[in-house]
Amino acid sequence: MKVNLKNMTIEELKQFCAGESMESYRALQLYRWIWKKDIDNFLDITTLSKKQREELESRIALPRLKVLEVLQARDKTLKFLFGLPDGNTIESVFIPTKRRKTICVSTQVGCSLRCSFCMTGKTGFTRDLSVWEIADQVRRVESIVEKRISNVVLMGIGEPLLNLKNVMKAIKILNCENGMNIGARKITISTAGIIPGIIALSQESIQVKLAVSLNAATDRKREILMPINRKYNLGRLFEALEDYYSLKGKRITFEYVLIKGFNDSISDAKRLASITENIPCKINIIPFNSIGPGKFKRPDPERIKKFINWLSPIAQAVSLRVSRGSAIGGACGQLRARKP
Ligand code: SAH
């Protein structure tokens with residue numbers, strides 16, 4: 001088996017170099033070649049001697065995700081279909097604005113949570129992504145669009161907190177100043193509310209942002225949308241989030257997908273404000289994006305405005321997510337593993 005250097009954090013590269021009797025400064029050098037210069041051939045590393053390169057080349061892998069398809073929406077959002085070495089596929093979305101260049105990254109092939117309003121869950125779960133398969137989404141997109149990525153949101157296909165070990169390593173790779181150098185505060189992990197994952201994340205020293213997909217303010221409604229609520233209900237979830245906040249001291253974002261006639265009434269707004277009042281937070285309203293025929297619909301624009309007007313005076317901070325890329329199936333909830 002070849003050694004895949006792209007699965008390694010800088011610490012692991014140091015161990016690798018030690019094992020190969022290479023000087024320890026070589027680790028940083030290798031890291032820069034891989035993540036800054038984006039090489040895919042070990043023989044290109046001209047700072048190593050020719051002999052060293054030839055000796056190691058046959059035992060080392062520097063894989064890249066295969067770009068199978070790139071779709072562009074009118075608003076300049078780009079959706080990438082990537083091929084993995086085992087033939088599976090994932091999607092990533094590039095969302096440029098004047099101030100930010102954001103990439104939405106996948107963390108699993110498929111998803112096990114089967115939320116009823118999300119396309120990703122329909123195809124079921126295949127496997128976790130490895131470290132490099134997560135980090136290379138950012139590397140590939142940055143190389144293709146030739147713009148520096150400023151923000152990373154782990155909100156693509158999959159549940160990041162069910163693949164936390166690989167996700168954390170990938171974040172360390174993205175965050176490292178000798179590579180893509182993306183600030184930890186510019187990286188957001190979004191979860192459906194996996195409590196053991198939230199606890200594990202609270203022990204990590206890196207200061208990433210946490211977003212929690214709430215989507216309903218009562219257990220009864222949340223269970224209809226998200227089966228995971230039967231395992232981790234709102235009471236337990238908020239207990240875990242309060243502990244998280246007391247350890248991290250960082251405001252949490254709640255995502256709330258607004259669905260016509262289901263969770264968009266004035267009493268839903270009141271309930272939402274009340275369950276979130278004891279934790280410093282921001283509420284991000286995401287008008288439902290269509291996932292094909294089904295019982296859920298997006299509320300009319302007037303209703304969306306009304307809901308925000310009900311909520312804003314009684315909640316701590318409220319924002320509206322203008323989902324982009326829906327014409328290319330690149331908006332929240334529309335991503336899935338598919339064939340090109
Ligand atoms: N599993 C994680 C990461 C996926 S994030 C999580 O649940 O947070 C995907 C985000 O898109 C979530 O906030 C989810 O609530 C939202 N979403 C899913 N389906 C949607 C849809 N059809 N319309 C709008 N938002 C949707």
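Basis for what follows: all heavy atoms, side chains included, without hydrogens, waters or symmetry-related copies.
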For the side chain of [X] and the backbone of [Y], is there at least one donor-acceptor N/O pair under 3.5 Å apart?
X: Asp268; Y: Ser265; result: yes
X: Asn263; Y: Val257; result: yes
X: Gln108; Y: Glu159; result: yes
X: Asn166; Y: Leu129; result: yes
X: Ser246; Y: Asp243; result: yes
X: Ser213; Y: Glu255; result: no
X: Ser92; Y: Val105; result: no

Electrostatic pair [X]:[Y] at N-O distance under 4.0 angstrom:
X: Arg140; Y: Asp38; result: yes
X: Lys165; Y: Asp128; result: no
X: Asp44; Y: Lys37; result: no
X: Glu302; Y: Lys305; result: no
X: Arg26; Y: Glu23; result: yes
X: Lys172; Y: Glu11; result: no

Mind checking whether [X] and [Y] have side chains closer than 4.5 Å, heavy atoms only?
X: Val153; Y: Cys104; value: yes
X: Leu62; Y: Lys6; value: yes
X: Phe94; Y: Lys76; value: no
X: Lys248; Y: Leu210; value: no
X: Phe296; Y: Ser116; value: yes
X: Tyr31; Y: Ile173; value: yes
X: Asp86; Y: Val109; value: no
X: Leu48; Y: Phe42; value: yes

If we ignore angles and hydrogens, is there a donor and acceptor under 3.5 Å between the side chains of [X] and [Y]?
X: Arg271; Y: Ser267; answer: no
X: Thr77; Y: Asp75; answer: yes
X: Ser326; Y: Asn289; answer: no

Single-linkage hydrophobic cluster Leu214~Ile189, side-chain heavy atoms < 4.5 angstrom: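 They do share one cluster, since a chain of ILVMFWY contacts under 4.5 Å joins Leu214 to Ile189.
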
Cluster check Ile157, Phe117: I/L/V/M/F/W/Y, side chain < 4.5 angstrom: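 Result: no, two separate clusters.
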
More than 12 heavy atoms of other groups within 6.0 Å of Arg74 CZ: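 Count not over threshold, so no.
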
NZ (Lys221) with more than 12 external heavy atoms under 6.0 Å: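 Count over threshold, so yes.
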
Which atom of Leu311 lies closest to which atom of Ala269, heavy atoms considered: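 Heavy-atom minimum between the residues: CD1-O, 3.3 Å.
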
Minimum heavy-atom distance between Gly329 and Leu335, given as atom pair plus value: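 Closest pair (atom of Gly329, atom of Leu335, distance): O-CD2, 3.6 Å.
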
Arg303 CZ to Asp300 CG distance, which is reported to the nearest 0.5 Å: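 So the CZ of Arg303 and the CG of Asp300 are separated by 9.0 Å.
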
